[in-house]
Participant: 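First the structure, which I've put down as structure tokens, then a few questions once you've had a look.
Only this structure's heavy atoms are used, side chains among them; waters, hydrogens and symmetry mates stay out.
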Amino acid sequence: MQSLQCSITDAIIDPAAVLAGTSSDNDGAVVLFLGVVRDHNDDRAVSHLEYEAYTAMAEAELRKVGQEARDRFDVGTVRIVHRIGRLEIGEVSVAISVASPHRAAAYESSRYIIEELKKRVPIWKREGYLEGERVWLAGGTK
Amino acid sequence: MQSLQCSITDAIIDPAAVLAGTSSDNDGAVVLFLGVVRDHNDDRAVSHLEYEAYTAMAEAELRKVGQEARDRFDVGTVRIVHRIGRLEIGEVSVAISVASPHRAAAYESSRYIIEELKKRVPIWKREGYLEGERVWLAGGTK
Amino acid sequence: MIIRTLFFASYKDIAGSDALDIELPEGALVSDLVSQLRACGDCWNDLPASPVAAVNREYSPLSTSLAHGDEVAFIPPVSGG
Amino acid sequence: MIIRTLFFASYKDIAGSDALDIELPEGALVSDLVSQLRACGDCWNDLPASPVAAVNREYSPLSTSLAHGDEVAFIPPVSGG
């Protein structure tokens, strides 16, 4: 029952729900990546983030990235969820779970997905700073 | 509140509990690795696994591995839990969560920990096969 | 023909709107849509001369020719994750 | 002196026990413990001549000298994870 599930949501992401049922009897490894809102970026104190997506295209592009991961690596179920709207410090912005028979493929495909997501998927992040300014970020963060 | 928590347990591992509270406000990424019992190995049908540990040393060795990961990579809280006893197909044998300001360090330290764990930590796995035989495995699996 | 044109993030601030219906001559390319927008002056000059674009939710070159009812989105540098 | 000696996994099958208290002369090394065990014959020959050992829960070379009350474990190839 391998599948590829990709979504953009404005609801809080529950890591346990993202993991649930991802591994089949054939899988020996699961890697879950969580992106979390930090309290600073480039030395500026961040109060919150606002994410905006071109939702229809973002879901299609996530699906392409997930399919590429499945074509390149020996992986089973892949789930990718990205949140939009206002996020507070410590909240999860993106969750990626990958199950695989072997751990190398699980790690490598997870990493592939987050790197491609940050390059290609039409989602934007605006940082709200403690002093009140809000700025759209251009380009990926580490 | 960065910390290093390592344990051997005979209880079912709950991934959500392993993740809970691992990321601080300074962390932008969390990687969770789960090792899961597969239904086969080298083409033999596996019915279950039995894990045995030299518990006192295994916990000490896990702690060394975790500390090495913290010395080598920019990571926050590290949690490593390894289960022992009888495990059924699909159950989690090991969970490793790492939080970090940046995703590269989260992935790399997670991978470092599982690779070192498989090389050094005194834990053994006996495979029970569908046809009834039980065999201690020597050396790591992929 | 009418082209549904979408703006996100910083481009939405430029356009002052998240979506505009733009009238273009038949056979126009995405690059013609860009030129027409930038010709409006004022903050429209802040739209790059060669922005990344998607036509009907697929990344597409500026040389793509448009048809009535197409949806064009201009994509600022992405920053998801 | 008495050395607490632990056996795990396949070595436990060889020893027929998970722990034995072995009497050794003062100043004996881990390698002496191995030799004494293997000298018991039968399945003890299945214990490698140079097994991986831990003394007091630390990996230690076979040249490590032992003291009364030390805990020595013989570590078959590990297979955790």
Participant: Side chain, backbone, both or neither: which part of B/A58 has an atom under 4.5 Å from a heavy atom of chain D?
Facilitator: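 Contact with chain D is absent: no heavy atom of B/A58 under 4.5 Å.
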Participant: Which atoms of D/D18 are under 4.5 Å from chain B, going by heavy atoms: the side chain, the backbone, both sets, or neither?
Facilitator: neither
Participant: Please flag which part of B/E50 lies under 4.5 Å from any non-hydrogen atom of chain D: side chain, backbone, both or neither.
Facilitator: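 Neither; nothing under 4.5 Å.
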Participant: Of the backbone (N, CA, C, O) and the side chain (C-beta and beyond), which part of B/Y51 lies under 4.5 Å from a heavy atom of chain D, both, or neither?
Facilitator: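 Side chain only.
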Participant: Please flag which part of B/W124 lies under 4.5 Å from any non-hydrogen atom of chain D: side chain, backbone, both or neither.
Facilitator: both
Participant: Given D/W44, which partner from the list D/F74, D/Y11, D/F7 fulfils the ring pair (Phe, Tyr, Trp, His ring centres under 6.0 Å) test?
Facilitator: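 Checked D/F74, D/Y11, D/F7 against D/W44; only one passes ring pair (Phe, Tyr, Trp, His ring centres under 6.0 Å): D/F7.
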Participant: Taking 4.0 angstrom as the limit, do B/R44 and B/E127 come out as a salt bridge?
Facilitator: no
Participant: When only pairs under 4.5 Å are counted, which of B/R120, B/R83, B/R126, B/K119 shares the most heavy-atom pairs with chain D?
Facilitator: B/R120
Participant: Determine yes or no for a side-chain-to-main-chain donor-acceptor pair under 3.5 angstrom, with B/S110 supplying the side chain and B/Y107 the backbone.
Facilitator: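 Such a contact is absent between B/S110 side chain and B/Y107 backbone.
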Participant: Below 4.0 angstrom, N of the basic side chain to O of the carboxylate: do B/E116 and B/K118 qualify?
Facilitator: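 Not counted as a salt bridge, because no side-chain N and carboxylate O are separated by less than 4.0 Å.
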Participant: Who wins among B/A56, B/A60, B/G35 for the most heavy-atom pairs under 4.5 Å with chain D?
Facilitator: B/A56
Participant: Which atom pair, heavy atoms only, marks the closest approach of D/S63 to D/L29?
Facilitator: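 Nearest heavy atoms, D/S63 then D/L29: O-CD2, 3.7 Å.
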Participant: Should the pair B/R103-B/E108 be classified as a salt bridge under the 4.0 Å nitrogen-to-oxygen rule?
Facilitator: no
